[in-house]
Amino acid sequence: MHYPHDFQMVGGELHCERVAVRRIAQTVGTPVYVYSFRTLVNHLRGLQQAFRSLRPLICFSVKANGNLAILRLLVQRGAGLDIVSGGELYKALRVGCPPSRIVFASVGKQDKEIREALRAGIFCFNVESAPELEAIDRCARRLRTTARVALRINPDVDANTHRHITTGIAESKFGIDPATALALLRRAAALRGVRFLGVHVHIGSQITQARPFLHAIRRTAEVVIRARRLGVGLEWLNLGGGLGIIYKDEQPQTPQAFASAVLPLLQPLRVRLILEPGRFIVGNAGVLVTRVLYVKPAPRRRFAVVDAGMNDLIRPALYGAYHEVVPVRQDRPPSTVHRPQRYDVVGPICESADVLARDRRLGPLHPRDLLAVLGAGAYGSTMASNYNGRLRPAEVLVRGRRWALIRRRETRRDLIRHDVIPRALLK
Ligand code: LLP
């Protein structure tokens, strides 16, 4: 298969590696995120291999999936982490990620976060603006240290992806235009708290073609070359994340194809490479398992109301994203004729946008049937919320025949943990 993962039907039952998904659902309940250890490792290895000639630092993007077990297993296999907040820094350090493998992006870094990252000794700050650069310089000098930084270049390249996840066009809030970046690099000597390590570019997410990356690299390479002429020796190029995966019928590039497209541009630059993949590593390594509550016929539609909603997986509601939905078990008695029917798979949330999948041939479905929403590993659990008083799902990691809970289902107690009733004020 072009882009392999370890969820497959065996004897009419969906398995994750060697474990029947139904067994997990029966034990921990639904909704539950189920991840494959093998898929995660294979995707990381695929990238490490494809780019090995540049000895890349592959920093998994924590925002795609911040589960500690997942972060730990990737870090154990040589990954670094791409973080965007003090909270993610905390997680990165908790899983034992060497600070020398942490890179920190975000347009809104606060002094407190900058100081924490400096004290931890992270590898590099990806800087998004001139005032941010000054803030980092100031914090570093106060701590009597130097911050390693890479300027994030906005190359003004359209990544041809969903408008909510495109980040490299001039209108977007991300990065610094090449002219401003060069002006900042000219000031390098005056900024004693920072050392310019390289440049960073991230043009968007779910990009299936090499072309936008090539445009972005060309723009960024110009900055590197001109900076060197100014005497600023940039050694690293961080190409960000953005590698697309298959949700429906996309034909994304394999790591090898991606590498052979971009390596010819990178090699002459004599730079070390950083990549920040999120979706590529974890996207199809996870599914969201949900149970049918009701089958609801209506005049124009047939609904399968399930126990997972947009609070658990917001991608369909937020981006109109397509996720494949498959039955966890397909063993219908052979005597009866069952023609699939079309269903809208909807959650219980009080919002019309709470549709996980529209007009899908499934079933026929019955209450208590289990369904798996595929490709839910990236930006699934990290974007989950308690909306409608719902408890965020449990998460499970499968490795071969074994599996373990990696996040407990939230409890009612979690729902009210931070609320305060100020009795005097309400009197
Ligand atoms: N590096 C930077 C600077 C980023 O902003 C991102 C993602 C990544 C790396 C990782 O990108 P990936 O390899 O996963 O494409 N919630 C959206 C995606 C938002 C992406 C945000 N930035 C979704 O569910 O499609």
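When a ligand or atom number is given, it counts from 1 through the structure's own listing order. A quick note: this is a predicted structure, and the numbers were derived from the prediction, not measured.
- What sits closest to atom 15 (O) of ligand 1 on the protein, heavy atoms only, is Ser205 OG, 2.3 Å.
- From the protein, the heavy atom lying nearest to atom 9 (C) of ligand 1 is Glu276 O, 3.2 Å.
- At under 3.5 Å, not a single nitrogen or oxygen of His200, backbone or side chain, sits near a nitrogen or oxygen of ligand 1.
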Would you sort out whether Phe258 and Phe51 count as a ring pair (Phe, Tyr, Trp, His ring centres under 6.0 Å), showing the intermediate values?
-> CA-CA 9 Å; Phe258 179 54; Phe51 284 93; 5.6 Å; yes
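- Of the polar atoms of Gly204, none of the N or O atoms is found under 3.5 Å from an N or O of ligand 1, judged by distance alone.
- Close contacts of ligand 1 with Met383, meaning ligand atoms under 4.0 Å from a residue heavy atom, involve 16 (N).
- You'll find the ring centres of Tyr35 and Trp403 outside the 6.0 Å limit.
- Defined by atom type and a distance below 3.5 Å, a donor-acceptor pair is missing between the side-chain atoms of Asn154 and Glu128.
- In terms of protein heavy atoms, atom 19 (C) of ligand 1 is closest to Ile165 CG2, 3.8 Å.
- A side-chain N or O of Gln49 and one of Arg52 form a donor-acceptor pair less than 3.5 Å apart.
- Nearest protein heavy-atom neighbour of atom 22 (N) of ligand 1: Lys63 CD, 3.6 Å.
- Surrounding CZ of Arg141 are more than 12 heavy atoms belonging to other residues, nucleotides or ligands, all under 6.0 Å away.
- Of all protein heavy atoms, the one lying nearest to atom 17 (C) of ligand 1 is Tyr319 OH, 3.0 Å.
- Under 4.0 angstrom from ligand 1, the non-hydrogen atoms of Asp82 all belong to its side chain.
- At a 3.5 angstrom cut-off on N or O pairs, Arg152 does not count as close to ligand 1.
- At least one heavy atom of Pro277 lies less than 4.0 angstrom from ligand 1.
- The 12-atom threshold is exceeded at CZ of Arg409, counting heavy atoms of other residues, nucleotides or ligands nearer than 6.0 Å.
- Taking the six-membered ring where tryptophan is involved, the planes of His43 and Phe280 are tilted, since the angle between them lies from 30° to 60°.
- Judged by the 6.0 Å and 45° rule, Lys109 forms a cation-pi pair with Phe104.
- Protein heavy atom closest to atom 24 (O) of ligand 1, with residue, atom name and distance, is Arg315 NE, 2.6 Å.
- Ligand 1 is never approached by Phe280 to a heavy-atom distance shorter than 4.0 Å.
- Remark: ligand 1 and Ser61 share no N or O pair separated by less than 3.5 Å (distance only, no angle test).
- Applying the 6.0 Å contact sphere to CZ of Arg412 captures no more than 12 heavy atoms from other residues, nucleotides or ligands.
- Annotation for ligand 1: atoms under 4.0 Å from non-hydrogen atoms of Gly278 are 12 (P), 13 (O), 14 (O).
- Shown here is Arg142, whose CZ atom has no more than 12 heavy atoms of other residues, nucleotides or ligands within 6.0 Å.
- Residue Leu243 has no N or O atom closer than 3.5 Å to an N or O atom of ligand 1.
- Using a non-hydrogen distance threshold of 4.0 Å, Ala378 does not register as a contact of ligand 1.
- Around atom 8 (C) of ligand 1, the closest heavy atom drawn from Gln206, Glu128, Arg279, His202 belongs to His202.
- Of all protein heavy atoms, the one closest to atom 20 (C) of ligand 1 is Tyr379 OH, 3.6 Å.
- Within 6.0 Å of CD in Gln8 there are more than 12 heavy atoms belonging to other residues, nucleotides or ligands.
- Per-residue contacts place Gly241 under 4.0 angstrom from the following atoms of ligand 1 (heavy atoms of the residue considered): 1 (N), 9 (C), 13 (O).
- Ring pair His202/His200 is parallel by interplanar angle, where below 30° counts as parallel and above 60° as perpendicular.
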